[in-house]
Amino acid sequence: MDFSYKDAFGTDPPEAYERLLLDAINGDPTLFIRTDEVEQAWRFSSRSRMPSWRVIPTSPTTARARGDR
């Protein structure tokens with residue numbers, strides 16, 4: 001496949017943030033997620049990750065007991 005954006009559209013392609021800002025200004029929501037989607041994702045990930053977030057003591061004694069040196 002031989003494709004040149006500049007040849008096809010007569011200009012260089014926009015930078016990623018430039019395109020993102022233009023989409024926001026033009027009201028195109030396809031690259032953005034809604035607040036309720038973010039909140040649901042946090043609820044899901046918080047429940048599944050909670051057990052792994054426990055605090056592990058880091059005193060030198062417990063570090064040696066776990067084998068850390």
Listed by chain and number, what are the side-chain hydrogen bond (donor to acceptor under 3.5 Å, both in side chains) partners of Thr30, not counting sequence neighbours?
Asp28
Would you be so kind as to tabulate the donor-acceptor pairs closer than 3.5 Å made by side chains of residues 13-22, with sequence neighbours excluded?
| unit_1 | atom_1 | unit_2 | atom_2 | d |
| --- | --- | --- | --- | --- |
| Glu18 | OE1 | Glu15 | N | 3.4 |

Sequence neighbours excluded, the answer for side-chain hydrogen bond (donor to acceptor under 3.5 Å, both in side chains) partners of Asn26 is none
Co-members of Phe3 in a cluster of I, L, V, M, F, W and Y side chains, linked at under 4.5 Å:
Tyr5, Phe9
Using the test salt bridge (Lys or Arg N to Asp or Glu O under 4.0 Å), find all partners of Asp7 that sit at least two apart in sequence or belong to another chain.
none
Please name all residues satisfying side-chain contact (heavy atoms from CB on, under 4.5 Å) with Ile25, sequence neighbours left out, ordered by chain then number.
none
